[in-house]
Undergrad: 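So that we are looking at the same thing, I have put the structure below in structure tokens.
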Amino acid sequence: MTLMKFDDVSYRLQDDGGLARRALIAGLAGFCVSGFLAFYDVEHLLQSYLTSFIYWLTLALGGFFFVMLHHLTNSTWSVVLRRLAERAASVLPVLAILFLPVLIGLKSIFPWTDESVMAGEIIRHKSPYLNPPFFIIRSILYFAAWIGVSQFLIRLSIEQDSGGTPGITRKFRAVSAPGILIFAVTVTFASFDWIMSLDPHWYSTIFGVYLFSGSLLAGLSFLTFMAIYFRGKGVLDKSITEEHYLDLGRLLFAFTVFWAYIAFSQYFLIWYANIPEETIWFAHRWEGSWKYFSLLIVFGHFVLPFFVLISRPAKRSRTVLGFIAVWLLFVHWVDIYWLIMPNFAEHAARITLFDFCTWIGVGGIMIWRLLQSLKSAPLVPVGDERLESSLKITTG
């Protein structure tokens, strides 16, 4: 069995035990099998690909938001976790490339690319916004904004490791302040473009916040999983303490409640207004086997993690916290699947090999890139003046 090698002095991951190589092989295999499946049903493949892509993208965006939030709040406890979140955000350029199949297959995914659909009385006025050229331009702008801000923060972080320049901490905050506003706008419009427009008749002004809340919760779950996984491999076991896990558990609990609040608000307002163009979206998700997905989201995305994480001892337990992190990552996929796939299969869910292969394909490439980036810099920001305080953090 291969083991990870870690230098306790430089905080560098010297050898990941071949995990990056296995992730790359899995990713390439997933894409190869997906290529063969395209000859069987290319439309279904592209629909599954969009679902898998959005899932993995939200994990990277969650890590990106955590980095900016860390800088804006000038947090001390999260210093030892910052680099892991930065590495999650560092995969955004790769994900931008992996978005190309969605752009190439626009007509197989989005109904508004059909002129006859947009000729309808209800949505005809949306055509200046919902058209392929403008859609592509907006998508490029989203990735340009995310990559530009995240890469700038990562470069500053690496510069800080090497001694950097005075005032670099102020630069972090100066970039993160407008960066978090740009993030809010771009994620909101990306959710409208890439998910909500799959049903061009439907609209919800709170939908962007819904996707953001799920993305942040998934990003925190991914960060928690990485922290626990590396500690189990003997990496960062002296850096990330029980107190850090307690704080991660508190964040998971807080954003579980926030996600539930936003989800219920969206449902309640649409139910109360009782507008046919809005209620039909939820009606489709209560037909056939989709009703079980809806129930799983209610009880799995909120009820279970809420009652587990409400306990302080549970938030201190790496075993419990690890289980909840993995569980939240699973139900987040269910949530993304529930948002996207009923637009193509209204009466029943159809989990197939398409979903598995595209998930492995995109995820394998992303994990490979993440692990490669972990070798290029220390796993903690060794140049941060608050590192020593973070290592000794205690929580009341």
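Values in this document were obtained by computation on a predicted structure and should not be read as measured data.
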Undergrad: Quick check against the 3.5 Å criterion: does Asp114 have a side-chain atom that pairs as donor or acceptor with the backbone of Pro111?
TA: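 Side chain of Asp114 to backbone of Pro111, a donor-acceptor pair under 3.5 Å: no, none is there.
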Undergrad: If hydrophobic clusters are built by linking Ile, Leu, Val, Met, Phe, Trp and Tyr wherever their side-chain heavy atoms come under 4.5 Å apart, do Leu223 and Ile154 end up in the same one?
TA: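 Looking at the clustering, Ile154 is in a separate group from Leu223.
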Undergrad: Which heavy-atom pair separates Leu391 from Thr241 by the least distance, and what is that distance?
TA: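 For Leu391 versus Thr241, the nearest heavy atoms are O-CG2, 4.0 Å.
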Undergrad: How about Phe31 and Val362: do any of their side-chain heavy atoms sit closer than 4.5 Å?
TA: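 Phe31 reaches Val362 side chain to side chain.
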Undergrad: For Leu153, does its backbone N or O pair with a side-chain atom of Ser157 as donor and acceptor, under 3.5 Å?
TA: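 Not at all, since once roles are kept as given, no pair shorter than 3.5 Å links the two residues.
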Undergrad: With rounding to the nearest 0.5 angstrom, report the CG to NE2 distance, Leu217 to His301.
TA: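 Taking CG in Leu217 and NE2 in His301, the distance rounds to 5.5 Å.
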Undergrad: Donor-acceptor pair, distance only, cut-off 3.5 Å: does the side chain of Arg386 make one with the backbone of Ser75?
TA: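 Yes, because the side chain of Arg386 sits within donor-acceptor range (under 3.5 Å) of the backbone of Ser75.
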Undergrad: I'd like to know whether the aromatic ring centres of Trp194 and Phe143 sit less than 6.0 Å apart in this structure.
TA: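 Yes, close enough.
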Undergrad: If I compare all heavy atoms of His71 with all of Ser176, which pair ends up nearest, and what's the gap?
TA: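 Scanning both residues, the minimum pair turns out to be CB-OG, 3.5 Å.
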Undergrad: Please answer: with hydrophobic residues joined when any side-chain heavy atoms are less than 4.5 Å apart, are Phe354 and Phe39 in the same cluster?
TA: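 The answer is no; the residues belong to distinct hydrophobic clusters.
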Undergrad: Does the Ser311 side chain pair with the main chain of Phe307, one donor and one acceptor, at a distance under 3.5 Å?
TA: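 Looks like no, no N/O pair under 3.5 Å.
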Undergrad: Determine yes or no for a side-chain-to-main-chain donor-acceptor pair under 3.5 angstrom, with Arg231 supplying the side chain and Ser239 the backbone.
TA: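 Checked: no pair found.
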Undergrad: Are Ile25 and Phe356 co-members of a hydrophobic cluster defined by side-chain heavy atoms under 4.5 Å apart?
TA: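 They do not share one cluster, since no chain of ILVMFWY contacts under 4.5 Å joins Phe356 to Ile25.
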Undergrad: Go through it in stages, so that I can follow the logic: the residues are Phe344 and Ile109, the test is side chain to side chain contact (heavy atoms under 4.5 Å, CB included), and I'd like the CA-CA distance, side-chain angles, deciding distance and then a yes or no.
TA: CA-CA 9 Å; Phe344 309 111; Ile109 303 174; 4.1 Å; yes
Undergrad: Within this structure, what is the CG-OG distance for the pair Leu84 and Ser78, rounded to the nearest 0.5 Å?
TA: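 Taking CG in Leu84 and OG in Ser78, the distance rounds to 11.5 Å.
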Undergrad: Between the side chain of Trp333 and the main-chain N/O of Thr51, is any donor-acceptor distance below 3.5 Å?
TA: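 A pair under 3.5 Å: no.
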Undergrad: Within a strict 4.5 Å, meaning less than it, do heavy atoms of the Thr358 and Phe53 side chains meet?
TA: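 A side-chain contact is absent here, since even the closest heavy-atom pair is not under 4.5 Å.
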Undergrad: Give a yes or no on whether the backbone of His244 and the side-chain of Asp247 come within a donor-acceptor separation of less than 3.5 Å.
TA: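 Not a single qualifying donor-acceptor pair exists.
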Undergrad: Under 3.5 Å, is there a donor on one side chain and an acceptor on the other for Trp146 and Thr186?
TA: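 Their side chains do contain a donor-acceptor pair, which is all the 3.5 Å distance test asks for.
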Undergrad: Yes or no on side chain to side chain contact (heavy atoms under 4.5 Å, CB included) for Phe172 and Arg82, after CA distance, side-chain angles and deciding distance?
TA: CA-CA 12 Å; Phe172 282 133; Arg82 191 186 89 202; 4.1 Å; yes
Undergrad: Please identify which of these residues, Arg312, Lys315, Arg316, meets the salt bridge (charged side-chain N to carboxylate O under 4.0 Å, His left out) condition with Glu242.
TA: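 Among Arg312, Lys315, Arg316, the one that satisfies the salt bridge (charged side-chain N to carboxylate O under 4.0 Å, His left out) with Glu242 is Arg316.
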Undergrad: Nearest 0.5 Å please: distance from the CZ atom of Phe64 over to the OG atom of Ser90.
TA: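 Answer rounded to 0.5 Å: 12.0 Å.
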Undergrad: Looking at side-chain heavy atoms only, is the closest gap between His284 and Ile280 below 4.5 Å?
TA: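 Yes, at least one pair of side-chain atoms sits under 4.5 Å.
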Undergrad: Can you confirm whether Ile180 sits close enough to Phe65 that some side-chain heavy atom of one is under 4.5 Å from a side-chain heavy atom of the other?
TA: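 Yes; the side chains approach each other to less than 4.5 Å.
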Undergrad: Work out which heavy atom in Ile147 is nearest to a heavy atom in Ala96; give both atom names and the distance.
TA: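 Distance-wise, the nearest heavy atoms are CD1-CB, 3.9 Å.
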Undergrad: Nearest 0.5 Å, please: how far is CD1 in Ile297 from CG in Leu339?
TA: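 Going from CG on Leu339 over to CD1 on Ile297, the span is 7.0 Å.
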Undergrad: If we only count heavy atoms from C-beta on, is the Val185 to Thr188 side-chain gap below 4.5 Å?
TA: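 Not touching, per the 4.5 Å side-chain cut-off.
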Undergrad: Checking ring-ring contact (aromatic ring centres under 6.0 Å, His included) between Phe293 and each of Trp286, Tyr337, Phe299, which is the one that passes?
TA: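 Only match with Phe293 under ring-ring contact (aromatic ring centres under 6.0 Å, His included): Tyr337.
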Undergrad: With a 3.5 Å cut-off and sequence neighbours excluded, list the donor-acceptor pairs that the side chains of residues 255-275 form with protein atoms.
TA:
from	atom 1	to	atom 2	distance (Å)
Thr256	OG1	Leu252	O	2.7
Ser265	OG	Tyr261	O	2.7
Gln266	OE1	Ser204	OG	2.8

Undergrad: Do Gln151 and Pro93 have side-chain heavy atoms sitting under 4.5 Å apart?
TA: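 Yes, their side chains come closer than 4.5 Å.
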Undergrad: Is the backbone N or O of Ile228 less than 3.5 Å from a side-chain atom of Arg318, with the two atoms forming a donor-acceptor pair by type?
TA: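 The answer is no, because no donor-acceptor pair under 3.5 Å joins these two groups.
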Undergrad: Would you confirm whether Arg173, through its side chain, and Asn74, through its main-chain N or O, come within 3.5 Å as a donor-acceptor pair?
TA: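 It does not hold such a pair.
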Undergrad: If we count only N and O atoms by modelled type, under 3.5 Å, do the side chains of His332 and Thr58 hold a donor and an acceptor together?
TA: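 Side-chain D/A pair, His332 to Thr58: present.
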Undergrad: Would you mind reporting whether Val94 and Met366 have side-chain heavy atoms less than 4.5 Å apart?
TA: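 In short, these two side chains do not touch, never coming nearer than 4.5 Å.
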Undergrad: Of the non-hydrogen atoms in Ser34 and Cys357, which two are nearest, and what is the gap between them?
TA: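 In this case the closest contact between Ser34 and Cys357 is OG-CB, 3.5 Å.
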Undergrad: Calculate, to the nearest 0.5 Å, the distance between atoms CG and CG belonging to Leu309 and Leu248 respectively.
TA: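 Interatomic distance, Leu309 CG to Leu248 CG, rounded to 0.5 Å: 11.0 Å.
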Undergrad: Can you tell me if Phe302 has over 12 outside heavy atoms packed within less than 6.0 Å of its CZ?
TA: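 Counting other residues, nucleotides and ligands, CZ of Phe302 exceeds 12 neighbours.
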Undergrad: Any salt bridge linking Glu388 with Lys392? Criterion: basic side-chain nitrogen under 4.0 Å from a carboxylate oxygen.
TA: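 Yes, this pair counts.
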Undergrad: Please step through side chain to side chain contact (heavy atoms under 4.5 Å, CB included) for the pair His70 and Val79, ending with a clear verdict.
TA: CA-CA 8 Å; His70 163 84; Val79 168; 3.7 Å; yes
Undergrad: Aromatic rings Trp327 and Phe330: how do their planes relate, parallel, tilted or perpendicular, breaks at 30° and 60°?
TA: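 It falls in the tilted class, 30° to 60°.
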Undergrad: Can you tell me if Arg285 uses its side chain to pair, donor with acceptor, with the backbone of Ser294 under 3.5 Å?
TA: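 Not confirmed, Arg285 side chain does not pair with Ser294 backbone.
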Undergrad: Which residues satisfy the ring-ring contact (aromatic ring centres under 6.0 Å, His included) test with Phe192, sequence neighbours excluded?
TA: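 With sequence neighbours excluded, Phe192 shows a ring-ring contact (aromatic ring centres under 6.0 Å, His included) to Phe189, given in chain and number order.
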Undergrad: For a quick test of reading the model, state the closest non-hydrogen atom pair linking Asp161 to Gly383 and the distance between them.
TA: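 It is OD1-N, 3.4 Å.
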Undergrad: Does a side-chain heavy-atom distance below 4.5 Å link His44 with Arg350?
TA: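 Yes, their side chains come closer than 4.5 Å.
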Undergrad: What's the shortest heavy-atom distance between Val149 and Met68, and which atoms?
TA: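 Reported closest heavy-atom pair: CG1-SD, 4.2 Å.
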Undergrad: Cluster question for you: counting only ILVMFWY and a side-chain heavy-atom cut-off of under 4.5 Å, with indirect links fine, are Leu100 and Leu37 together?
TA: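 Shared cluster, yes.
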Undergrad: Could I get the full list of ring-ring contact (aromatic ring centres under 6.0 Å, His included) partners for Trp56, not counting sequence neighbours?
TA: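 Result, ring-ring contact (aromatic ring centres under 6.0 Å, His included) vs Trp56: Trp359.
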Undergrad: Rounded to the nearest 0.5 Å, what separation is found between the CD1 atom of Ile360 and the CG atom of Asp355?
TA: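 It comes to 12.0 Å.
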Undergrad: Please report the C-alpha distance between Leu59 and Leu329 in whole Å, then the side-chain angles of each, then the deciding distance to 0.1 Å, and finally whether the side chain to side chain contact (heavy atoms under 4.5 Å, CB included) criterion is met.
TA: CA-CA 9 Å; Leu59 303 191; Leu329 288 171; 3.7 Å; yes
Undergrad: Whether Arg138 engages the ring of Tyr129 as a cation-pi pair (distance to the six-membered ring centre under 6.0 angstrom, angle to the ring normal within 45°) should be assessed.
TA: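 Because its charged atom sits under 6.0 Å from the ring centre and within 45° of the axis, Arg138 does stack over Tyr129.
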Undergrad: I'd like to know if Val187 and Tyr203 are part of one continuous hydrophobic network [Ile/Leu/Val/Met/Phe/Trp/Tyr, side-chain heavy atoms within less than 4.5 Å].
TA: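 Different clusters.
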Undergrad: Kindly assign one of parallel, tilted or perpendicular to the pair Phe110 and Trp112, based on the angle between their ring planes and the thresholds 30° and 60°.
TA: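 Ring orientation, 0 to 90° scale: tilted.
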Undergrad: Do the ring planes of Phe207 and Trp281 sit parallel (below 30°), tilted (30 to 60°) or perpendicular (above 60°)?
TA: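 Geometry flag for Trp281 against Phe207: perpendicular rings.
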